[in-house]
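Just so we're on the same page: letters track the sequence lines, and every chain starts at 1.
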Amino acid sequence: MAFENKFVQLRIEKAQTLRDAGINPYCNNSKRNTTIKKYLNVNSDIEHKENKRDEHRHYTVAGRIKLLRVMGKASFLQLEDESGVVQIYVARDHLPENFYNDIFKKNVEVGDIIEVGGYPFVTGQGELSLHASEFRLLTKSIAPLPEKFHGITDKETRYRKRYLDLIMNADVRKTFQIRSKVISLTRRFFEDKGFLEVETPMMHPIAGGANAKPFVTHHNALGIDRFLRIAPELYLKRLIVGGFEAVFEINRNFRNEGMDATHNPEFTSIEFYWAYKTYKDLIEITKEYFLYLFDHLDLPTHLPYGDLEIDFNRFSEVPLIESLHTIGEVPSEIVNDKEKILEFLKSKNISVKNGLSLGQLQGELFDEFVEHKLINPTFITEYPVEISPLARRSDINPDITERFELFIAGREIANAFSELNDPVDQYERFKSQVESKECGDDEAHAMDEDFIEALSYGMAPTAGQGIGIDRLVMLLTNEHSIRDVLLFPAMKPIHNEELNQETEV
RNA sequence: GUCUUGUUAGCUCAGCUGGUAGAGCACGUCACUUUUAAUGAUGUGGCCGAUGGUUCGAAUCCAUCACAGGACACCA
């Protein structure tokens, strides 16, 4: 039952006491006229004034009480709003008669949201504070906050009750402010380059554009199942067919797969498509994009990440096959021989699915021996065609594609290629994907005939790229779990809630 | 999915090889008009994650389950 906790009960009683005294514990006519940060900035000159105060100034701030130190006839409290923290000095004799003793001391506590009016002064300890002459409760908090020193550290509680995490941990708020900036800067970067932001469907009749298991939902009115999108790619390319030459979309994708430190079932990406360009142009714009982010976020280009230091002045480019040997230390004589790769993998005790093609085996080698070693930004180029069903073939070598993936700190951050715009080739590639699907690869791409038809009308030569925003934010904020850059990461429901839901129905 | 480590007061944590629970913060009461995690005194507060088992006796040992963290697998 709600509110049964004894501390909550006590606070509810206090709220009632306030009502009985004619004070609304949930009033909404706040008179706040400045933020705490502005208050501190505007009054930074006070310490140089006579008596270190200016009784002619008057400000009204509001926020949550984070700390409360009652010392007889006067009290100090730390008041926090979104912009910052300020110390408030509350003295009995500067407030209406009996207010301090009967209302403030007895019924106001840590967690409450209040409004305070008064003048600026600097305390004996040298802290710019606000001397209260008006004090008003705005919102009575009836649930006690976590411990003032240790705060809340239990990860499960932090993710399930993110609001508490945000109240208690300023650095968590900072992380999400940076996340917001990254998205905003990304939007501005592409808009400034003439890209058009578009919104394409989240519910797809065919889950395409990536290899992944989709979530399924049902549309009652049409009586059909829909898939939550695993990627917007095929819709964005339809727009290129339609004549838009530069489009992007920043939004969620959904993949019905495992969860771990780098995977959440819903995640945010930007995908952008650029007509009359190739993947080589994408390498250039990607470098430019990173510089833009670092510049506007004021980050060092030697970025610390855990124990690593990533050098964003050094982007390198390595073809995938070459990387197997030069980075992964796989003997170069085996990398183009299926049987030898299988032998090699066996000798390293690595088991792979039966019936993989050469390109797929090269992909396995890459994942196993190269990926985790790519710390500084590295564009791995020229992916095998078998693992790139939507990418354009190289004119020089039809077994490889004009594609790259960008790796930083051992993780894939972006995936990009010159788009396959030959409808017949695309049709054949889908067909071979469908064969894989029938052979048990439940993540292989499905046939999308409507997309083939769209391509048939002609899609200008185009380059397209996807960037995982969550992983990017992890890098930029030095976070090592995707849950720490998602406000509300996916969590299993706790058992009691499940039971309640069942019994309520 | 596998392995592993957790789950004790609102929060942060103790609790040994079994003898029916402790601290700090918070909260109540008292003192205190310049504190900085204020201080001093005093008090309240627990279905020890859930269910079974072993035992005279379980927070503690065993099993199963739930949730979480980590690692691995899967996710090209």
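- Between A:Gln125 and B:U36 there is no side-chain polar atom (N or O) within less than 4.0 angstrom of OP1 or OP2.
- Side chains of A:Ile283 and A:Glu317 form a contact here, defined as non-hydrogen atoms less than 4.5 Å apart.
- Under a cut-off of 6.0 angstrom, the local environment of OH in A:Tyr427 is sparse, with at most 12 non-hydrogen atoms contributed by other residues, nucleotides or ligands.
- Under a 3.5 Å cut-off, the side chain of A:Arg255 and the backbone N or O of A:Ile230 do form a donor-acceptor pair.
- Contacts of A:Lys14 with the nucleic acid, taken as non-hydrogen atoms under 4.0 Å apart, involve only primed sugar atoms and P, OP1 or OP2.
- The interatomic distance linking A:Asn5 (CG) with B:A9 (P) rounds to 11 Å, in whole Å.
- At a threshold of 4.0 angstrom between heavy atoms, the contacts of A:Leu67 are confined to the sugar-phosphate backbone, with no base atom among them.
- Of the P atoms belonging to B:G49 and B:U2, the separation is 24 Å, rounded to the nearest Å.
- With hydrogens and angles left out, the side chain of A:Tyr89 and the base of B:U33 share a donor-acceptor pair within 3.5 Å.
- Residues from residues 69-84 of chain A that place a heavy atom under 4.0 Å from any atom of RNA chain B, listed by number: A:Arg69, A:Val70, A:Met71, A:Gly72, A:Lys73, A:Ala74, A:Phe76, A:Gln78.
- Between B:U20 and B:C56, the distance separating the two C1' atoms is 14 Å to the nearest Å.
- Comparing the C1' positions of B:A9 and B:G15 gives a spacing of 14 Å, expressed to the nearest Å.
- Shown here is A:Arg411, whose CZ atom has more than 12 heavy atoms of other residues, nucleotides or ligands within 6.0 Å.
- When the P atom is used for both B:G1 and B:U64, the distance is 16 Å, rounded to whole Å.
- Put simply, OH on A:Tyr163 is 12 Å from C1' on B:G10, counting in whole angstrom units.
- For the P atoms, the distance linking B:A31 with B:A37 amounts to 25 Å, nearest Å.
- For the pair A:Glu156 CD and B:U12 P, the computed distance is 11 Å after rounding to whole Å.
- Judged purely by distance below 3.5 Å, without hydrogens or angles, the side chains of A:Tyr159 and A:Asp165 never pair a donor atom with an acceptor atom.
- Among the atoms of the strands shown, none is found under 4.0 Å from any heavy atom of A:Pro489.
- Side-chain N/O atoms of A:Arg483 include one lying less than 4.0 angstrom from OP1 or OP2 on B:G69.
- At a cut-off of 3.5 angstrom, the base of B:U34 holds no donor-acceptor pair with the side chain of A:Glu127.
- Counting any heavy atom pair closer than 4.0 Å across all strands shown, A:Leu10 reaches sugar-phosphate atoms only and no base atom.
- Of the residues in residues 356-364 of chain A, not one comes within less than 4.0 Å of RNA chain B through any heavy atom.
- Applying the 3.5 Å distance criterion, the base of B:U35 shares a donor-acceptor pair with the side chain of A:Thr123.
- Under 3.5 Å, the side chains of A:Arg483 and A:Asn264 contain no donor-acceptor pair of N or O atoms.
- A centroid separation of less than 6.0 Å is found between the aromatic rings of A:His131 and A:Tyr89.
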With the criterion being N/O to N/O and under 3.5 Å, what pairs connect the protein with nucleotides 22-25 of chain B, and how long is each?
| residue | atom | partner | partner atom | Å |
| --- | --- | --- | --- | --- |
| B:C25 | O3' | A:Lys148 | NZ | 3.2 |

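- Taking atom P on both nucleotides, B:C25 is separated from B:G40 by 8 Å, rounded to a whole Å.
- Comparing B:G57 with B:G18, their P atoms sit 15 Å apart, to the nearest whole Å.
- Between the side chains of A:Asp422 and A:Gln426, no donor-acceptor pair of N or O atoms lies under 3.5 Å.
- Of the N and O atoms on the side chains of A:Gln362 and A:Asn336, at least one donor lies less than 3.5 Å from an acceptor on the other residue.
- Crowding of A:Met203 atom CE: a count of heavy atoms from other residues, nucleotides or ligands under 6.0 Å not exceeding 12.
- Counting only heavy atoms from C-beta outward, the side chains of A:Phe404 and A:Gln465 approach each other to under 4.5 Å.
- Protein atom CG of A:Leu68 is 12 Å distant from nucleotide atom C1' of B:C27, rounded to whole Å.
- The residue A:Met168 sits apart from the nucleic acid: no heavy atom pair falls under 4.0 Å.
- To the nearest angstrom, C1' of B:A38 lies 17 Å from CD1 of A:Ile88.
- Across the protein-nucleic acid pair, A:Ile387 atom CD1 and B:C75 atom P stand 12 Å apart, rounded to whole Å.
- Counting only heavy atoms from C-beta outward, the side chains of A:Ile270 and A:Asn251 never approach each other to under 4.5 Å.
- Under the 4.5 Å side-chain criterion, counting only non-hydrogen atoms from C-beta, A:Phe121 is not in contact with A:Lys52.
- Residues of residues 251-270 of chain A having a heavy atom closer than 4.0 Å to RNA chain B, listed by number: A:Glu257, A:Asp260, A:His263.
- Side-chain contact between A:Phe366 and A:Tyr383 is present, with heavy atoms from C-beta onward closer than 4.5 Å.
- Annotation: B:G10 and B:A50 have their P atoms spaced 13 Å apart (nearest Å).
- Relative orientation of the A:Phe344 and A:Phe369 rings is tilted, given thresholds of 30° and 60° on the angle between their planes.
- Applying the 6.0 Å contact sphere to NZ of A:Lys348 captures no more than 12 heavy atoms from other residues, nucleotides or ligands.
- Considering only heavy atoms from C-beta on, A:Leu40 stays 4.5 Å or farther from A:Lys37 through its side chain.
- B:A66 atom P lies 16 Å from atom CE of A:Met491, rounded to whole Å.
- Protein atom CG of A:Asn349 is 15 Å distant from nucleotide atom C1' of B:C72, rounded to whole Å.
- Residues A:Pro389 and A:Pro144 both approach RNA chain B. Their nearest nucleotides, taken by heavy-atom distance, put A:Pro144 toward the 5′ side.
- The stretch residues 101-111 of chain A touches RNA chain B through A:Glu109, each having a heavy atom within less than 4.0 Å of the strand.
- In this structure, A:His480 has its ring center closer than 6.0 angstrom to the ring center of A:Tyr305.
- Taking only side-chain nitrogens and oxygens, A:Lys492 comes nearer than 4.0 Å to OP1 or OP2 of B:C67.
- A side-chain donor from one of A:Arg403 and A:Ser388 sits under 3.5 Å from a side-chain acceptor of the other.
- Between A:His445 and A:Phe430, the ring centre distance stays below 6.0 Å.
- In RNA chain B, stems built from 3 or more consecutive Watson-Crick or G-U wobble pairs, each with both distances under 3.5 Å, span B:1-7 with B:66-72, B:10-13 with B:22-25, B:27-31 with B:39-43, B:49-53 with B:61-65.
- At a cut-off of 3.5 Å, with distance as the only test, no side-chain donor of A:Ser141 or A:Asp112 sits close to an acceptor on the other residue.
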